Amino acid sequence: MREKAVDVREGAITTREREIRTAATTQGTSDDRISMLRQANAQLVIATIDAHKLAEQVQTAKIELDHLAHHDVLTGLPNRTLLYDRLAQAITQARRSGKQLAVMFMDLDRFKHINDSLGHTVGDQLLQSMSRRLLGCVRQSDTISRLGGDEFVALLPDIDHPEDAALSAQKMLIAIALPHLINQHDLHIGASIGISIYPEDGLDAETLIKHADTAMFHAKDNGRNTYAFFEQEMTARAMARQSIEASLRLALERQEFVLHYQPKVNLLSGTIVGIETLVRWQHPQRGLLEPAQFVPIAEDSGLILPLGRWVLREACLQTRAWQDAGLPPITVAVNTSAPEFRAGDFLEYLRATLEESRLEPRYLELELTESILMRDAASADSVLHALADLGVKLAVDDFGTGYSSLSYLQQFPINTLKIDQSFVSRITRNPDDAAIVSAVINMAKALRLRVIAEGVETAEQAAFLLAQHCDEGQGYFFGRPVGAEALAILLQTGVSPALPH
Ligand code: C2E
Ligand code: MG
Ligand code: MG
């Protein structure tokens, strides 16, 4: 009814406007003054109509701006600002009614990986698909918001028990886990959800979101694709992460890092053909830390750049020192993270380091992950070819765990595939894993690539790999990562596992 009235009025304005505009352009002949007055009057009316239109446009723009300021452009979901508003409101209401509310912080597992390997367009579409599924899991009165990146926060403003939030979390995890069909890719993705409850875990919006975030990290540590409620002790863990980041900076200056080396063995002859460099952190309070405890934090904070440079330089100097001491020359492999590889001066630093250490490039191998190669293939291509021209070897680490297109194996000048240890660990137990490993070995042979199995722990695994004509093996069965001195002894004496022949 109201719309109709507006239509009629607008119609009237348009017709009237036409008349007035005609009048304004018609020259009066009988009486010029009357004609002029008429014209002036007409122009005034036109100006009023224009002003009226402008005001309407401003109003529409205001509404649009207001929507933009409170919603995420990609998914149309409420953004951080609107979430905080609604959360503050919900807290006030819950306080009055004595009820509970839940905040659920959700982060997609390995989203970065998909974004890196399949590109941002696919990543964006996945986020849109995600938001539709999440909206399908909650009530009208609940809020699903996107904070940015792959982070979503759900607000359940009225729950009877924390278990209600757990049920919602389960529903969401199931909905998300169904494959997302995007650009012909059947994408499987999981999420980790952290839950905080008002008033138990916090009395204000900031604290509730922070605690849900902390619980989310805990869920990730618990094996991903799961949810966790906030517990007070988790704050201690989050603080530990922060303190690691802070002490990482100092660790570089104080030279607290050490390199361990693990042998790579020719499966047929049993001789050591190379070593992999694995960094360790001799932490003054916590003892010897494994890369899993600090490399991801170093990658997030950018500290991986100076750390990676230190590892590369140290590994080259050490390998050259062994050669100078008359030990059999071997190839040294260095793990390279995506941020290092993408740094503009990566090639330059690498060249300078080879020169300084006098290590021949053919004795250096870089271990790269599939996602480094898949993301921005064009620029990866030029760096990879420059490295190959230099004579440096290239290996794909953890092969089989990423989303990779096999065509890049031909396109890029790669020398070696490293079969991920998760497949190797199951080859003697699970026929599917055995089939995958055989297939990768055969494919590598067909493409004239060297192939090495990681994480070989038993004689049976080594025997299987040998029977499948895998070239090399690396793992506790042949030798654990050891310090430089112990490795020098290994180079002299060789590894001595009971190799089955
Ligand atoms: P990665 O490159 O796949 O290294 C192999 C990991 O498997 C090493 O863990 C090694 O100690 C472990 N490993 C070797 N043999 C066996 C085995 O038989 N069984 C089992 N269960 N594990 C085995 P580590 O040293 O903890 O390193 C973990 C990851 O951290 C590495 O995975 C690599 O991605 C990263 N990393 C290590 N050092 C560096 C570094 O200097 N720079 C960068 N960017 N990343 C590094
Ligand atoms: Mg590696
Ligand atoms: Mg690996």
Side-chain angles (χ1 to χ4, degrees), residues 113 248 251-252 256-265 267 272 274-282 288-316 318-319 331-343 346 349-350 353 364-372 393-402 404 414-428 437 440 451-462 465 472-484 486-487 495 497:
H113 196 88
L248 256 177
L252 276 163
E256 289 169 0
F257 294 104
V258 270
L259 291 187
H260 280 189
Y261 302 91
Q262 186 177 33
K264 297 179 177 179
V265 170
L267 287 174
I272 298 178
I275 49 174
E276 176 172 7
T277 310
L278 296 159
V279 69
R280 306 282 181 261
W281 179 6
Q282 188 64 59
L288 198 66
L289 301 184
E290 307 259 313
Q293 293 167 279
F294 62 91
V295 166
I297 302 175
E299 286 177 344
D300 287 349
S301 61
L303 287 166
I304 195 70
L305 297 178
L307 175 58
R309 284 176 164 217
W310 179 83
V311 171
L312 181 72
R313 181 168 178 271
E314 192 69 16
C316 290
Q318 181 61 74
T319 308
T331 304
V332 64
V334 173
N335 291 287
T336 311
S337 297
E340 299 175 64
F341 185 78
R342 279 189 223 119
F346 177 65
Y349 183 77
L350 189 121
T353 306
L364 176 64
E365 182 173 57
L366 299 180
E367 293 193 5
L368 311 166
T369 56
E370 288 169 273
S371 62
I372 294 186
K393 305 258 168 41
L394 299 169
V396 182
D397 206 351
D398 307 335
F399 185 75
T401 57
S404 51
I414 288 157
N415 308 90
T416 307
L417 292 190
K418 297 193 78 179
I419 305 177
D420 188 65
Q421 49 182 274
S422 58
F423 303 112
V424 177
S425 68
R426 294 185 297 246
I427 44 177
T428 50
V437 170
V440 173
V451 58
I452 175 164
E454 292 186 77
V456 182
E457 292 186 351
T458 67
E460 290 74 36
Q461 289 165 354
L465 292 161
E472 293 164 21
Q474 178 185 351
Y476 297 164
F477 179 63
F478 303 109
R480 288 179 178 259
V482 289
L487 200 273
V495 294

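All values reported here derive from a predicted model rather than from experimental measurement. Throughout, residue positions are numbered sequentially from 1 according to the sequence presented. In listed order, ligands and their atoms are each counted from 1.
By heavy-atom distance, the residue among Val295, Thr401, Asp397 lying nearest atom 1 (P) of ligand 1 is Asp397. In this structure, of Val311, Asn335, Val334, Leu289, the residue bringing a heavy atom nearest to atom 34 (O) of ligand 1 is Asn335.
Ligand 1 has no nitrogen or oxygen under 3.5 angstrom from a nitrogen or oxygen of Glu299. Considering backbone and side-chain N/O atoms, Thr336 never comes within less than 3.5 Å of an N/O atom of ligand 1. In terms of N/O distances under 3.5 Å, ligand 1 is not approached by Gln474. The N/O atoms of Ile304, backbone and side chain alike, include none that comes under 3.5 Å of an N/O atom in ligand 1.
Using 4.0 Å as the threshold, Pro481 has a heavy atom nearer than that to some atom of ligand 1. Using a non-hydrogen distance threshold of 4.0 Å, Arg280 registers as a contact of ligand 1. Under a 4.0 angstrom heavy-atom cut-off, Ala292 registers as lying outside contact with ligand 1. Taking a 4.0 Å cut-off on heavy atoms, Arg480 fails to register as neighbouring ligand 1.
Using cut-offs of 30° and 60° on the angle between ring planes, the pair Phe294 and Trp281 is perpendicular.
Listed here is the closest heavy atom pair of Tyr476 and Pro481: CE2-CD, 4.1 Å.
Residue-level check: among N/O/S atoms of Asp398, OD1 sits closest to the Mg ion (ligand 3). Within Glu276, the N, O or S atom lying nearest to the Mg ion (ligand 2) carries the name OE2. Within Asp397, the N/O/S atom positioned nearest the Mg ion (ligand 2) carries the name OD2. Glu454 contributes atom OE1 as its closest N/O/S atom to the Mg ion (ligand 3).
Nearest to atom 9 (O) of ligand 1 among the protein's heavy atoms is Leu278 CD2, 4.6 Å. With respect to atom 7 (O) of ligand 1, the closest heavy atom belonging to the protein is Gln421 NE2, 2.8 Å. Atom 5 (C) of ligand 1 has its closest protein heavy atom at Glu454 OE1, 3.8 Å. The single protein non-hydrogen atom nearest to atom 18 (O) of ligand 1 is Tyr476 N, 2.8 Å, given as residue, atom name and distance. The single protein non-hydrogen atom nearest to atom 21 (N) of ligand 1 is Glu457 OE2, 3.1 Å, given as residue, atom name and distance. The protein non-hydrogen atom at the shortest distance from atom 44 (N) of ligand 1 is Ser337 OG, 2.7 Å. Closest protein heavy atom to atom 29 (C) of ligand 1: Pro291 CB, 4.3 Å.
Contacts of Asp398 with ligand 1, taken as heavy-atom pairs under 4.0 Å, involve the side chain alone. Using a 4.0 Å cut-off between heavy atoms, His260 makes no contact with ligand 1 at all. Contacts between Lys418 and ligand 1 below 4.0 angstrom, taking non-hydrogen atoms only, are absent altogether. Neither the backbone nor the side chain of Asp420 has any atom closer than 4.0 Å to an atom of ligand 1 (non-hydrogen atoms only).
Counting atoms of ligand 1 from 1 in the listed order, those under 4.0 Å from a heavy atom of Val279 are 38 (N), 39 (C), 40 (C), 41 (O). Set against the non-hydrogen atoms of Gln262, the atoms of ligand 1 under 4.0 Å away are 14 (C), 15 (N). Set against the non-hydrogen atoms of Glu290, the atoms of ligand 1 under 4.0 Å away are 26 (O). Each of the atoms 1 (P), 2 (O), 4 (O) of ligand 1 lies under 4.0 Å from some heavy atom of Glu276. Numbered from 1 in the order shown, with element, the atoms of ligand 1 that lie under 4.0 Å from a heavy atom of Glu340 read 44 (N). Of all the atoms in ligand 1, the ones that sit under 4.0 Å from a non-hydrogen atom of Gly475 are 15 (N), 18 (O).
In this structure, the side chains of Arg309 and Tyr349 come closer than 4.5 Å at one or more pairs of heavy atoms. A 4.5 Å side-chain heavy-atom check between Leu364 and Thr319 finds every atom pair outside the cut-off. A heavy-atom distance below 4.5 Å is not found between the side chains of Leu278 and Leu259. Using a 4.5 Å cut-off on side-chain heavy atoms (C-beta onward), Glu457 and Val424 make no contact. In this structure, Val396 and Glu370 have side chains that are in contact, with non-hydrogen atoms separated by less than 4.5 Å.
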- [ ] Could you walk me through whether Glu460 and Thr428 pass the side chain to side chain donor-acceptor pair (under 3.5 Å) test, one step at a time?
- [x] CA-CA 7 Å; Glu460 290 74 36; Thr428 50; over 6 Å; no

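Inside a 4.0 Å radius of atom 27 (O) of ligand 1 there is at least one protein heavy atom. For atom 32 (O) of ligand 1, the nearest protein heavy atom is 4.0 Å or more away.
Look at Glu367 and the Mg ion (ligand 3): no N/O/S atom of the residue is under 2.8 Å from the metal.
Under a 4.0 Å N-O distance rule, the pair Glu365/Lys264 qualifies as a salt bridge.
In Arg313, the CZ atom is not crowded: 12 or fewer heavy atoms of neighbouring residues, nucleotides or ligands sit closer than 6.0 Å.
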